[in-house]
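Have a look at the structure below, then the notes.
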Amino acid sequence: MVDVFEQVEEEMRSERWKRLARQWGPLVGGILALALIAALAFWGYQSWETGRAEKAAVAYDRGLEAMQRNDLAGAEAAFAEAEKAGNAAYKALALNQRAGVAVSQNRIAEAIELLDQAVRANGDPLLADQAALKATWLLMDTGTLEQVEERLEPLAREGRPWRAFAMEAQAMARLQHGKPAEARQVFVLLQLGQDVPDAVRQRAQVGIAAIDNGTAAALPNIVRAQAAVPVPTLPASGAAAGPQTAPVPVQP
């Protein structure tokens with residue numbers, strides 16, 4: 001009798017598993033299929049991204065080599081290729097380099113636009129804020145104080161990676177536009193700040209001293225005089241008289 005009960009229970013369990021398999025089998029199979037498709041799609045995307053990065057890296061290195069040879073046309077073409085082929089990081093880096101080439105040829109407005117594109121190309125604050133800061137430094141020669149302040153305000157917020165440099169730019173812009181008292185306030189914050197690079201802190205101390213002894217008052221006139229001096233452009237051909245150096249990207 002015990003054997004009969006065990007046999008009946010085994011058959012009931014078997015029937016229950018069959019019923020569960022019929023009920024949930026298609027759903028489980030669909031989930032597994034979706035998981036497999038997602039894994040394959042992720043692998044394909046990763047492979048595609050890797051291929052883009054490798055292609056951009058080759059073009060980017062070719063651009064750097066061209067800059068060392070002072071071949072600005074070749075550098076521009078290579079960086080443009082890296083920008084088009086690369087992922088977000090390489091696109092931002094290539095746009096930064098193109099901006100450096102534009103600055104070396106006195107195409108300041110174009111350089112600012114390229115740096116603005118670099119900001120939009122990559123969401124990483126370390127790269128995006130640096131490009132934004134470079135663009136603002138270039139704008140300081142021609143833009144209004146309001147335009148400069150508007151660009152610097154988000155970069156100078158607490159926690160931003162280039163905050164100290166943005167604050168330094170704020171102080172310099174205010175000095176440039178004849179507002180030494182407002183500039184001094186920023187320099188004091190930089191001098192007393194905890195996470196301020198030593199070089200920025202030292203320049204802040206110099207700025208405070210210049211404001212206090214009155215020599216900073218001459219800065220706006222000096223800046224205007226420098227802006228009035230034409231910037232020499234590079235010859236169209238590579239056979240230039242005298243030694244030349246490759247353009248260096250604008251640094252904050």
> R201 and D195: salt bridge (charged side-chain N to carboxylate O under 4.0 Å, His left out), yes or no, with the steps?
Replying inline: CA-CA 10 Å; R201 193 189 309 276; D195 299 322; over 6 Å; no
>> Among residues at least two apart in sequence or on other chains, which ones pass ring-ring contact (aromatic ring centres under 6.0 Å, His included) with F187?
In response: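 Per chain and number, F187 pairs via ring-ring contact (aromatic ring centres under 6.0 Å, His included) with no residue.
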> Does one side chain, of E81 or Y60, offer a donor that lies under 3.5 Å from an acceptor on the other?
Replying inline: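 No, no side-chain donor-acceptor pair sits under 3.5 Å.
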>> Side chains of K91 and N122 only: does a donor on one sit below 3.5 Å from an acceptor on the other?
In response: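 Judged by distance alone, the side chains do not pair up.
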Looking at [atom1] of [X] and [atom2] of [Y], how far apart are the two atoms once the value is rounded to the nearest 0.5 Å?
{"X": "L139", "Y": "L115", "atom1": "CG", "atom2": "CG", "result": "11.0 Å"}
{"X": "L93", "Y": "Q130", "atom1": "CG", "atom2": "CD", "result": "9.0 Å"}
{"X": "E113", "Y": "L95", "atom1": "CD", "atom2": "CG", "result": "9.5 Å"}

>> Please give me the minimum heavy-atom distance between I112 and A135, naming the atom from each residue.
In response: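 So the two residues come closest at CG1-O, 4.0 Å.
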> For R107, which residues count as a side chain to side chain contact (heavy atoms under 4.5 Å, CB included) partner, sequence neighbours excluded?
Replying inline: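 Side chain to side chain contact (heavy atoms under 4.5 Å, CB included) check on R107 returns V101, A102, Q105, E110.
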> Of the options E149, Q185, E182, which is the one that meets R174 in a side chain to side chain donor-acceptor pair (under 3.5 Å)?
Replying inline: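 Output: one option passes, namely E149.
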Check whether any side-chain heavy atom of [X] sits under 4.5 Å from a side-chain heavy atom of [Y], and report yes or no.
{"X": "L64", "Y": "F79", "answer": "yes"}
{"X": "V188", "Y": "R184", "answer": "yes"}
{"X": "K179", "Y": "L145", "answer": "yes"}
{"X": "L152", "Y": "V148", "answer": "yes"}
{"X": "D141", "Y": "I108", "answer": "no"}

Any residue meeting salt bridge (Lys or Arg N to Asp or Glu O under 4.0 Å) with [X], in chain and number order, not counting sequence neighbours:
{"X": "R98", "value": "E76, E83"}
{"X": "E65", "value": "none"}
{"X": "D61", "value": "none"}
{"X": "E158", "value": "R163"}

>> One thing to verify: whether D116 and R151 come together as a salt bridge, which I'm taking to mean a side-chain N less than 4.0 angstrom from a carboxylate O.
In response: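 Here R151 pairs with D116 in a salt bridge, since their nearest N and O are under 4.0 Å apart.
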> Quick one: does W162's side chain have a donor or acceptor within less than 3.5 Å of a partner on L126's backbone?
Replying inline: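 Side chain of W162 to backbone of L126, a donor-acceptor pair under 3.5 Å: yes, one is there.
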>> Tell me whether Q97 contacts the main-chain N or O of A94 through its side chain, where contact means a donor paired with an acceptor under 3.5 Å.
In response: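 Looks like no, no N/O pair under 3.5 Å.
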>> Tell me whether E150 at atom CD has more than 12 heavy atoms from other residues, nucleotides or ligands lying less than 6.0 Å away.
In response: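 Not buried by this count: 12 neighbours or fewer within 6.0 Å.
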> Is L155 reachable from V196 through a run of I, L, V, M, F, W or Y residues, each pair having side-chain heavy atoms under 4.5 Å apart?
Replying inline: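 Shared cluster, yes.
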